[in-house]
Amino acid sequence: MKENKENRGHRRKFISFTFIVGLIVAFFSVISDNLPYLRDGATVIELIISYLAVMINSLPMWFILAMIVGYMFARNIREAAILGAIYTISAISFYFVIGHFNTDAAVSSNDYKHCHLFSDYEEK
């Protein structure tokens, strides 16, 4: 019974961490994808936000955050990989949702054309 309560509390912390950090990462990744060119008179705040957005949107940062999730919430390697994958999939899902509201198209029609062209190439 006591172990079940500990696991439940552990899961709640994992879900909270995944939701909060996943939304932050997704938000900065969408900002990074839609950054305007910085002009010479950019303010310090614009530079800081741009730097954070580009840094958080990098693949190594996504891997580091997934490893942190595994380190903080898992009891063994297998569980660490599963929790890291769940976190990453959640963050990517948040990214698509926020990106959809920001640009009104999370996946553009050009992406469908490329996929169709690639699938036609693979069949031949």
Side-chain angles (χ1 to χ4, degrees):
M1 179 82 170
K2 185 177 179 182
E3 187 176 309
N4 193 17
K5 275 189 173 183
E6 288 177 13
N7 286 339
R8 199 174 324 143
H10 207 63
R11 273 189 225 124
R12 284 185 185 153
K13 289 178 185 177
F14 168 71
I15 291 169
S16 298
F17 181 90
T18 298
F19 190 74
I20 293 168
V21 175
L23 280 173
I24 291 170
V25 168
F27 178 74
F28 276 110
S29 293
V30 170
I31 288 175
S32 173
D33 290 344
N34 298 304
L35 274 177
Y37 291 108
L38 291 177
R39 56 197 179 283
D40 289 336
T43 64
V44 173
I45 298 296
E46 288 175 334
L47 289 172
I48 291 171
I49 290 173
S50 299
Y51 176 77
L52 283 175
V54 171
M55 183 185 69
I56 290 173
N57 196 26
S58 68
L59 194 57
M61 182 59 103
W62 283 72
F63 285 144
I64 289 169
L65 287 171
M67 287 188 293
I68 289 172
V69 167
Y71 177 76
M72 288 175 59
F73 299 105
R75 289 173 280 190
N76 56 36
I77 297 273
R78 181 176 154 255
E79 197 173 298
I82 290 170
L83 292 178
I86 290 170
Y87 161 78
T88 304
I89 290 169
S90 300
I92 291 170
S93 299
F94 293 146
Y95 167 76
F96 279 126
V97 169
I98 294 171
H100 175 73
F101 288 124
N102 190 35
T103 61
D104 291 332
V107 179
S108 67
S109 63
N110 286 338
D111 294 335
Y112 289 120
K113 290 176 187 175
H114 289 282
C115 291
H116 181 67
L117 181 66
F118 182 72
S119 66
D120 286 345
Y121 177 75
E122 288 294 319
E123 290 174 3
K124 294 179 181 179

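Note that these values count all heavy atoms, side chains included, but never hydrogens, waters or copies made by symmetry.
Hydrophobic cluster membership is shared by Leu83 and Ile15, with clusters built from Ile, Leu, Val, Met, Phe, Trp and Tyr side chains linked at under 4.5 angstrom. Note on Met72 and Met67: same hydrophobic cluster, where clusters join Ile, Leu, Val, Met, Phe, Trp and Tyr whose side-chain heavy atoms are under 4.5 Å apart, directly or indirectly. Residues Leu65 and Ile77 do not share a hydrophobic cluster, clusters being chains of Ile/Leu/Val/Met/Phe/Trp/Tyr side chains in contact below 4.5 Å.
Between the CD1 atom in Ile98 and the CG atom in Leu23 there is a gap of 5.5 Å [rounded to 0.5 Å]. Summarising the geometry, atom CD1 belonging to Ile68 is positioned 14.0 Å from atom CZ belonging to Phe63; distances are rounded to the nearest 0.5 Å. Annotation: the span from Asn57 atom CG to Trp62 atom CH2 amounts to 7.0 Å, rounded to 0.5 Å. Note that the CD1 atom of Ile92 and the OH atom of Tyr95 stand 10.0 Å from one another [nearest 0.5 Å].
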Step by step, work out the side chain to side chain contact (heavy atoms under 4.5 Å, CB included) result for Phe28 and Val54. CA-CA 8 Å; Phe28 276 110; Val54 171; over 6 Å; no
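Aromatic rings from Phe94 and Phe27 are positioned such that their centres are separated by 6.0 Å or more.
A donor-acceptor distance shorter than 3.5 angstrom exists from the side chain of Glu46 to the backbone of Thr43, with no hydrogens or angles considered. When atom types are taken as modelled, the side chain of Asn34 and the backbone of Val30 share a donor-acceptor pair closer than 3.5 angstrom.
Note: Phe73 and Phe14 have perpendicular aromatic rings, judged against thresholds of 30 and 60 degrees for the angle between ring planes.
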